[in-house]
Enquirer: 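Pasting in a structure now, in structure tokens, and then I'll have a few things to ask.
As the structure is a computational prediction, the values presented were derived from the model and not from experiment. For reference, positions follow the sequence shown, starting with 1. Read the numbers this way: they start at 1 and go in the same order the structure lists the ligands and their atoms.
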Amino acid sequence: MRRIIPAAVLLLLLTACCEPVEPDLSAYTAGPAEVTAAEESEVKYVALTFDDGPRADTTAHLLDGLAERGVRATFFVIGEQVEGNAELIGRMKAEGHQIGNHTYSHARLSRMDRDTVIEEIQKTEVVLSELLGEGSWWLRPPYGLIDEGRASLVGTPMIYWSLDPEDWKLLDARKVADYVVKNISPGDIILLHDFYPTSVDAALEIVDRLQMEGYTFVTVEELFRIQGVEPENGVLYASPTRLRPLAG
Ligand code: NI
């Protein structure tokens, strides 16, 4: 006689003998599906980063565009430009972006003495802390350059990049977007500058095109967390899984 095994018993047998099987209820739940660890590893995460701002007109336009698209990014700001643009910095924080330090006056750190390096970093930290309260403002050394001796003075992780379309040189939104879309890989940290209107247009085009390819944009901090990497102070990262050699 053929025995018909009820589905519930079958499920019990399966769960008893194998790895736990989570029933897929996603089709039955009304709310947004929660991302499980397994699903998270399949999602293609990347981080957009913007240097040399804030600049009143271009950064405001960028924040509008990112908000419309539900995208969080990371801004490595120049301390002396924060003054006069406090509202933009407040908006960045309120809208979930990460704010980082690009020194106070866009200094080439490797050419400066020890005290000036510390001052260039700390002055921006003070300006940001006054506006936003205490925080850890990760450093992107201008030009990505810092040697080993000066890196040891830095009390936060340092972030380089893994994809650079040279937006400042191209000054052409379509070309910048094409370069990024063609060369992107999951886990990339993309370098752009919110100082240029063409780069802002490029960034929004990059978001639109990569979201269609299944990419999700997160802050640099989130990218490290997702990849399970705890960044160390004074170390320069091209991405959470790749270090950038220190150089003057
Ligand atoms: Ni810069």
Enquirer: Should the ring pair W138 and F224 be called parallel, tilted or perpendicular, given that the plane angle runs from 0 to 90° and is split at 30 and 60?
Expert: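 Geometry flag for F224 against W138: perpendicular rings.
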
Enquirer: Within D51, is some N, O or S atom less than 2.8 Å away from the Ni ion (ligand 1)?
Expert: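 It does not; every qualifying atom lies at 2.8 Å or beyond.
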
Enquirer: Can you name the N/O/S atom of H102 that is nearest the Ni ion (ligand 1)?
Expert: NE2

Enquirer: Which atoms form the tightest heavy-atom contact between N85 and P54, and what is the distance?
Expert: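 Closest approach of N85 to P54, heavy atoms only: ND2-O, 3.5 Å.
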
Enquirer: Quick check: of its N, O or S atoms, which one does D52 have closest to the Ni ion (ligand 1)?
Expert: OD1

Enquirer: Please check: side-chain N/O of Y237 versus main-chain N/O of E232, any donor-acceptor pairing under 3.5 Å?
Expert: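 Present.
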
Enquirer: Any N/O/S atom, side chain or main chain, of H106 closer to the Ni ion (ligand 1) than 2.8 Å?
Expert: yes

Enquirer: Do the numbers put R140 on top of the ring of Y160, so that NZ or CZ is under 6.0 Å from the six-membered ring centre and no more than 45° off the axis?
Expert: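 Here R140 fails the 6.0 Å and 45° test against Y160.
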
